[in-house]
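Just so it is clear, the model here is predicted, and its values are computed rather than measured. Here is the naming used below: chain letters follow the sequence lines, and residue numbers restart at 1 for every chain.
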Amino acid sequence: GENVEQHPSTLSVQEGDSAVIKCTYSDSASNYFPWYKQELGKRPQLIIDIRSNVGEKKDQRIAVTLNKTAKHFSLHITETQPEDSAVYFCAASIWNRDDKIIFGKGTRLHILP
Amino acid sequence: NAGVMQNPRHLVRRRGQEARLRCSPMKGHSHVYWYRQLPEEGLKFMVYLQKENIIDESGMPKERFSAEFPKEGPSILRIQQVVRGDSAAYFCASSPGTSSYEQYFGPGTRLTVT
């Protein structure tokens, strides 16, 4: 089955700097890659997603890239702000086959003042 | 449009009791997924249901756990004879199904087994 690896597990960046979180997946059939943000005690919230027919997607300060050949995908957050502090999960799914989402273990992002 | 609803938000059970967790999907969503999150860990898929059907239960423990999504009413995740290791946050998510990839999560039920 699908396995998603995520790193780093913890990331501290100065406010205003960029943060990058990287993930790999094992099943080449995976075709949908969502990213979720989870604040302490709250539900995971979908912040951006990418499908396998697209290499890059951007939404304001957040961008995601996908390299299907290498089975890598990454989240980039620019101009980080204190409210970006949270745990971020990458995930992979095979849309229209299983549909279940396989999550990475998460990255705890700290934005330093 | 109300989001995904889960209740109760917090549930305390003694070892050996039953836990019943409920999930009402977003309006118009017919697909429900249950995930378990242990403290300081990621979310682990448990089961995927459509109305009256279990589509994929590959993540469900073989014993004590069951799930249903009846024609009327919420989806139920049932844990019989709970043990301390069942303490976790249980999240459900819903999606419209064939028209959309996205899954939207409920607020979770935090189960504590004493």
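For chain B, the nearby parts of A:P44 are the backbone and the side chain; heavy atoms of each come within less than 4.5 Å. Looking at B:Q103, both its backbone and its side chain come within 4.5 Å of chain A, counting heavy atoms on both sides. Of the two parts of A:L46, only the side chain, counted from C-beta on, holds a non-hydrogen atom closer than 4.5 Å to a non-hydrogen atom of chain B. Proximity to chain B is limited to the side chain of A:Q38, based on heavy atoms less than 4.5 angstrom apart.
Under the 4.5 Å side-chain criterion, counting only non-hydrogen atoms from C-beta, B:V113 is not in contact with B:V83. At a threshold of 4.5 Å between non-hydrogen side-chain atoms, the residues B:Q6 and B:L21 do not count as touching. Annotation: side chain of B:Q50 is not in contact with side chain of B:S30 (no heavy-atom distance under 4.5 Å).
Relative orientation of the A:W35 and A:F73 rings is perpendicular, given thresholds of 30° and 60° on the angle between their planes.
The only option from B:F45, B:Y35, B:F91 that meets the ring-ring contact (aromatic ring centres under 6.0 Å, His included) definition with A:F103 turns out to be B:Y35.
If you tally non-hydrogen atom pairs under 4.5 Å between each of A:R51, A:K42, A:K105 and chain B, the highest count goes to A:R51.
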